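Written below as structure tokens is the structure these notes are about.
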Amino acid sequence: MKKALNSPASIDELMQRAESMAGLTLGQLANYHEIEMPKDLKRHKGWVGQLIELELGALAGSKPEQDFVHLGVELKTIPVSRTGKVLETTYVTVAPLTDIQGLTWQNSVVCHKLQQVLWIPVQGDRDIPLAHRQIGSPILWRPSAEESYLLQQDWEEIMEFISMGQVNKVTARHGEVLQLRPKAANSQVLTDSIGKDGQLTQTNPRGFYLKTQFTQRILSQLL
DNA sequence: ACGTGATCATCT
DNA sequence: AGATGATCACGT
């Protein structure tokens with residue numbers, strides 16, 4: 001995927017560019033950028049996100065920061081059905097499993113990334129050919145006081161387990177809106193984590209994800 | 001291995 | 001059908 005050359009200078013410009021994509025298909029956008037399109041996403045899971053990043057001028061890279069640092073905006077493409085139902089959870093960031101003493105919600109990466117999110121709904125029904133999937137209207141979201149509260153509660157509960165060496169006791173069922181799930185090439189990958197008695201051990205890397213019902217509320221209330 | 005972009009595949 | 005745990009590709 002080619003790297004974006006220009007980045008929007010303001011949120012207004014970003015939103016205008018996002019709104020101009022609405023109604024286009026992935027095929028049209030890929031053709032415009034002369035990007036090859038895979039048959040499906042089985043081996044190209046991040047393809048849609050990369051295409052949208054290219055169109056909007058997101059700064060490429062794998063840094064744990066917002067996509068538009070100068071605007072304070074995180075970009076998320078979200079697969080939805082024909083009827084607008086959210087089809088997948090939303091990855092936020094990897095979870096810190098060591099050196100977390102003193103870490104608070106307010107200075108966590110999850111909190112920072114979710115300060116302001118530009119949601120780009122894209123049809124994700126597997127029976128719609130990739131080229132025919134339509135891009136929806138963008139939604140710029142800032143968490144409400146209640147949403148922030150829910151996120152903080154879940155984050156603190158999960159981080160408490162991690163700090164106590166109980167990360168292996170946390171499942172995706174914990175948390176009302178934010179959940180912890182594996183995030184790695186496969187289940188054999190290991191990374192350092194806090195173990196019994198505060199000693200270092202190893203475990204499968206985890207990531208924070210937004211649950212679909214939470215994301216659905218965000219998209220619905222603003223549509 | 002880590003962090004980004006996420007969706008897949010299976011089980012309930 | 002929906003959610004959980006697992007997985008795929010890429011740049012560094």
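Values in this document were obtained by computation on a predicted structure and should not be read as measured data.
For the 3.5 Å distance criterion, the side chains of A:T212 and A:Q216 fail to qualify, holding no donor opposite an acceptor.
The side chain of A:V94 approaches B:dG3 more closely than any other nucleotide in the set C:dT7, C:dG5, B:dG3. Candidate nucleotides C:dC8, C:dG5, C:dT4 were compared by shortest atom distance to the side chain of A:K211, and C:dT4 ranks first. The A:Q179 side chain lies nearest to C:dT4 when the options are B:dA1, C:dA3, C:dT4. Among the nucleotides B:dG5, C:dG2, C:dT4, the one closest to the side chain of A:K45 is B:dG5. Between B:dA6, B:dT7, C:dA6, one nucleotide has an atom nearer to the side chain of A:T77 than all others, and that is B:dA6. The A:Y91 side chain lies nearest to B:dT4 when the options are B:dT4, B:dC2, B:dC8. The side chain of A:E53 approaches B:dG5 more closely than any other nucleotide in the set B:dC8, C:dG5, B:dG5.
Under a 3.5 Å cut-off, the side chain of A:Y91 and the backbone N or O of A:V94 do form a donor-acceptor pair. Side-chain atoms of A:E74 do not come within 3.5 Å of backbone N or O of A:V117 as any donor-acceptor pair.
A:V48 comes within contact range of no nucleotide atom at all, as no heavy-atom separation falls under 4.0 Å. A:A172 comes within 4.0 angstrom of sugar-phosphate atoms only, judged by non-hydrogen atoms across all strands, and of no base. Counting any heavy atom pair closer than 4.0 Å across all strands shown, A:P64 reaches sugar-phosphate atoms only and no base atom. At the heavy-atom level, A:D67 lies under 4.0 Å from the strands shown only through sugar-phosphate atoms. Within 4.0 Å of A:E74, counting heavy atoms only, lie sugar-phosphate atoms of the nucleic acid but no base atom. Nucleic acid contact for A:R126: base, since at least one base atom lies under 4.0 Å from a heavy atom of the residue. Residue contacts shown for A:L87 are absent, as no nucleic acid heavy atom lies under 4.0 Å away. At the heavy-atom level, A:Q216 lies nowhere under 4.0 Å from the strands shown. A:T90 comes within contact range of no nucleotide atom at all, as no heavy-atom separation falls under 4.0 Å.
In terms of position on DNA chain B, the residue among A:T93 and A:G124 whose nearest nucleotide sits closer to the 5' end is A:T93. Nearest-nucleotide positions on DNA chain B place A:A95 closer to the 5' end than the other of A:R43 and A:A95. Mapping A:T212 and A:A184 onto DNA chain C via the closest heavy atom, the residue that lands nearer the 5' end is A:T212. In terms of position along DNA chain C, the nucleotide closest to A:K85 lies nearer the 5' end than the nucleotide closest to the other residue of the pair A:K183 and A:K85.
On a pure distance criterion of 3.5 Å, no polar donor-acceptor pair joins the side chain of A:Y209 and the base of C:dA3. Within 3.5 Å, no donor on the side chain of A:Q50 pairs with an acceptor on the base of C:dC10, nor the reverse. Between the side chain of A:K113 and the base of B:dT4 there is no donor-acceptor pair of N/O atoms closer than 3.5 Å. Judged by atom type and distance alone, A:K76 does not reach the base of B:dG5 through any side-chain donor-acceptor pair under 3.5 Å. For B:dT4, its base never sits under 3.5 Å from the side chain of A:K63 at any donor and acceptor pair.
In this structure, A:E55 and A:H33 have side chains that are in contact, with non-hydrogen atoms separated by less than 4.5 Å.
One hydrophobic cluster, built from ILVMFWY side chains closer than 4.5 Å, holds both A:L114 and A:V86.
A pairwise comparison of heavy atoms in A:T215 and A:L210 identifies OG1-CB, 3.8 Å as the closest pair.
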